[in-house]
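Residue numbers begin at 1 in each chain, while the letters A, B, ... track the order of the sequences.
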Amino acid sequence: DIQMTQSPSFLSASVGDRVTINCKASQNINKYLDWYQQKHGEAPKLLIYNTNNLQTGIPSRFSGSGSGTDYTLTISSLQPEDVATYFCLQHSSRLTFGSGTKLEIK
Amino acid sequence: EVQLVESGGGLVQPGRSLKLSCVASGFTFSNYGMNWIRQAPGKGLEWVAYISSGSSYIYYAETVKGRFTISRDNAKNTLYLQMTSLRSEDTALYYCARRGYGLDYWGQGVMVTVSS
């Protein structure tokens, strides 16, 4: 099975900061990597699919990049409404979620 | 509007069974693969099972293989998860999610608590 290592587990940043979250796969996942946002008490929401495709309705400050085993979610200018936990998901072989990154405003 | 509504959760004793349902609306259900994903209280997300649009392909996480069965009825726009031999570690909020480009729509989840 493919394992996903997500970092950091916790992130505190200021409004307007550039924020990056990383996921590393245990093997090449050929860009089959999505990013999800989960706010407290809500279902997860798709932000980016297949590494760098922005889901409809998601603000352009969110972007994704990567290849092979290493992938990154970037928020270009952090907003208060971005407080949430973020998860990566590989779907190259079965599905495996990363362990999550809890993002807070400093 | 796409909607996924789960039901069938509750409190169940270890070793017993429970069947979850997910009713879909607002899209052509028979065109999409579907997943069950769970989240234990205060924990991360765990994929549980996947079924293709026509039920030809079915996959399970190792943690539930042999105990859980995913199925669907395209005529009723409904996805199911039959859970048997339940354990305390199966306690979680269970979500159904559509597989489009990404898991693009999720239900609100149904809680399953396994406890004596």
Contact residues of [range] (partner chain B; heavy-atom separation under 4.5 angstrom):
{"range": "residues 90-106 of chain A", "answer": "A:His91, A:Arg94, A:Leu95, A:Phe97"}
{"range": "residues 51-61 of chain A", "answer": "A:Gln55"}
{"range": "residues 22-49 of chain A", "answer": "A:Asp34, A:Tyr36, A:Gln38, A:Glu42, A:Ala43, A:Pro44, A:Leu46, A:Tyr49"}

Look at the side-chain heavy atoms of Ile, Leu, Val, Met, Phe, Trp and Tyr, link any pair under 4.5 Å apart, and say whether [X] and [Y] land in one connected group.
{"X": "B:Tyr50", "Y": "B:Met34", "result": "no"}
{"X": "B:Val110", "Y": "B:Leu86", "result": "yes"}
{"X": "B:Trp47", "Y": "B:Tyr57", "result": "yes"}
{"X": "B:Ile58", "Y": "B:Leu81", "result": "yes"}
{"X": "B:Tyr80", "Y": "B:Leu20", "result": "no"}

Contact class of [X] relative to chain A, heavy atoms under 4.5 angstrom:
{"X": "B:Ile37", "answer": "side chain"}
{"X": "B:Glu46", "answer": "backbone"}
{"X": "B:Tyr101", "answer": "both"}

**Complete:** ring-ring contact (aromatic ring centres under 6.0 Å, His included) filter on B:Phe27, not counting sequence neighbours, yields B:Tyr32

